[in-house]
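The block underneath contains the structure these notes are about, expressed in structure tokens.
In this text the structure is predicted, and so the values were computed from the model without any measurement. We number each residue from 1, following the sequence as shown.
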Amino acid sequence: MTPKWARNKKILLGISGGIAAYKTAELVRALVKSDCEVEIILTETAARLVAPLTLATLSKRRVWQEADLRSDEMGWRIPHITLSDWADVMVIAPCTANVLRMAATGNSSTLLGATMLAFTRPIVFFPAMNSHMLANPATKGNVRTLEGFGHRVVDPDSGPLACGYEGKGRLPSTEAILDETWAAICPKRDFAGRKVLITAGPTHEYIDPVRFISNPSSGKMGYALAAEARYRGADVVLVTGPSNERVPSGVRAIPVTSAQEMQRACLDELQDADVIIKAAAVGDYRARKFSPQKIKREKAEILTIEMERNPDIAREISARRRPGQILVGFAAETENVMENALRKIESKGLDMVVANDVSEDGAGFASNTNHVCVYFSDVLSLQPTPIFGDKLEVASGILDRVAGLMA
Ligand code: PMT
């Protein structure tokens, strides 16, 4: 899902000569699908690893190559200046050790080098190389220099490398590159320096080794909150029940299964959190007795499972939190939505509740969209504030309200 504010952005993609250059065709496609305009600069080596025609076809524009800097045909257009004036953000993926060095030392001897030097907005670097090259103090020094200039240098992934090594140095996934790019151009940075603890997804309360009691939460709402908070600069910890959603780049996920595990993880992370948002659909009950063996169908016509109440994690957080920590809960309701949501503010000690009528079409569990109303503990602001749209838009609206409480 692309955030609304990231649509129609102008992206200048610099592709340097690492083997991962072949993956950039997918990246260009994803950027175009996100309604972005993409201009591409290929280094000489990159042009041997990925065909300029492939990239030109996908971006629907000519691809800029090193010769263009000084050629009679293109040089008069001063591409390094026109391109750098045009773009909202520059993305260098993959970024070789050499291009990292050129950027850190202001080397303008190539089209890509000169463009990086002329560029005045954020540059996001995605280094991808052999792990020894990455760990070399020279490379590390260049990374530090670029970060010192205010640019974003994204840690590569670990795994098998093309050179035969196993380790750090892989180009992150296309989705992760998009996440980091959006984070660099997000118009709001109001969560910078804040730790946001978010819960998402369902819990699974096992009754025997092969069966559990759960609910239809997909995790989409909580994951969208995590992505949006991260774009806005937060340090995000996502305590997540079982979910098939992708963890947004830069978000630290703590996977849990049961409500009790979720409780432990939340309490472990609580101390230095500035904001806690409880979007998870926590199972209210668990089996009183877990059967260590699979319960046999033949044994009884009717199966009665005795359930006991799970801890109320939100209430426990409220009781333990220090002054200044903001606690936001959700209320998934099917009737008397406002009354029940307001009651939850009281009973759980919340600063703000996001009321979610889960019986509505296009809202609640597993849907890509949502429609919520926000209420605050401050009785003066009982006026409901409806927010609707895809779950990223709803997350953005919720965080706007949270930011109001932080001010
Ligand atoms: O995950 P999706 O498919 O995207 O669906 C999103 C959602 C519908 C799950 C989400 O928008 C939502 O409404 N989440 C809250 C679901 C819920 O359990 O609501 P509740 O009214 O039962 O609980 C109220 C609040 O207390 C919630 O913040 C919940 O996280 C918290 N809680 C509940 C029980 C419990 N034992 N401990 C808790 O902390």
Item to check | CA sep, side-chain torsions, deciding dist, call: Trp86, Glu39, side-chain hydrogen bond (donor to acceptor under 3.5 Å, both in side chains) | outcome: CA-CA 9 Å; Trp86 170 85; Glu39 289 277 5; 5.3 Å; no
Checklist entry - Should the pair Arg61-Glu37 be classified as a salt bridge under the 4.0 Å nitrogen-to-oxygen rule? => result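 Result for this pair is yes, salt bridge flagged.
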Kindly state each residue pair satisfying salt bridge (charged side-chain N to carboxylate O under 4.0 Å, His left out) with at least one member in [range], sequence neighbours excluded.
range	answer
residues 148-163	Arg152-Glu180, Asp155-Lys168
residues 197-209	Asp208-Arg211
residues 14-34	none

Using a 3.5 Å distance criterion without hydrogens, assess whether the side chain of [X] forms a donor-acceptor pair with backbone atoms of [Y].
X	Y	value
Asn356	Val358	no
Asn370	Met221	no
Asp390	Asn368	no
Ser291	Lys294	no
Arg7	Cys36	no
Glu175	Ser249	no
Arg401	Gly397	yes
Asp88	Lys9	no
Thr2	Ser34	no
Thr57	Leu53	yes

Checklist entry - With a 4.5 Å limit on heavy-atom distance, are the side chains of Thr43 and Arg48 in contact? => result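 Answer no - side chains too far apart.
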Option from [options] for which side chain to side chain contact (heavy atoms under 4.5 Å, CB included) with [X] holds:
X	options	value
His80	Ile78, Leu83, Thr82	Ile78
Arg286	Glu308, His204, Arg309	Glu308
Met116	Val99, Ile41, Leu111	Val99

Checklist entry - Between Asp85 and Lys10, is a salt bridge (Lys or Arg N to Asp or Glu O under 4.0 Å) present by the stated rule, with each step listed? => result CA-CA 10 Å; Asp85 284 350; Lys10 298 185 175 88; over 6 Å; no
Pairs under 3.5 angstrom only: tabulate donor-acceptor contacts from the side chains of residues 14-21 to other protein residues two or more places apart or in another chain.
unit_1 : atom_1 : unit_2 : atom_2 : d
Ser16  : OG     : Pro94  : O      : 2.5
Ser16  : OG     : Thr96  : N      : 3.0

Next on the checklist: Taking side-chain hydrogen bond (donor to acceptor under 3.5 Å, both in side chains) as the cut-off, I'd like each qualifying pair that reaches into residues 103-113, sequence neighbours left out, listed once.
Outcome noted: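 Checked against side-chain hydrogen bond (donor to acceptor under 3.5 Å, both in side chains) - neighbours excluded - the pairs reaching residues 103-113 are Asn107-Ser109.
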Item to check | Worked verdict on Lys348 versus Glu316 for salt bridge (Lys or Arg N to Asp or Glu O under 4.0 Å) | outcome: CA-CA 8 Å; Lys348 292 175 187 269; Glu316 196 169 347; over 6 Å; no
Checklist entry - Yes or no on side-chain hydrogen bond (donor to acceptor under 3.5 Å, both in side chains) for Thr257 and Tyr206, after CA distance, side-chain angles and deciding distance? => result CA-CA 9 Å; Thr257 303; Tyr206 274 83; over 6 Å; no
Checklist entry - Going through the checks in order, is the salt bridge (Lys or Arg N to Asp or Glu O under 4.0 Å) test met by Lys195 and Asp235? => result CA-CA 5 Å; Lys195 174 174 167 180; Asp235 170 15; over 6 Å; no
Checklist entry - Passes salt bridge (Lys or Arg N to Asp or Glu O under 4.0 Å), Glu245 versus Lys391? Steps please. => result CA-CA 13 Å; Glu245 293 298 298; Lys391 280 185 173 165; over 6 Å; no
Item to check | Residue list, side-chain hydrogen bond (donor to acceptor under 3.5 Å, both in side chains) with Glu306, at least two apart or on another chain | outcome: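 Residues passing side-chain hydrogen bond (donor to acceptor under 3.5 Å, both in side chains) with Glu306: Arg288.
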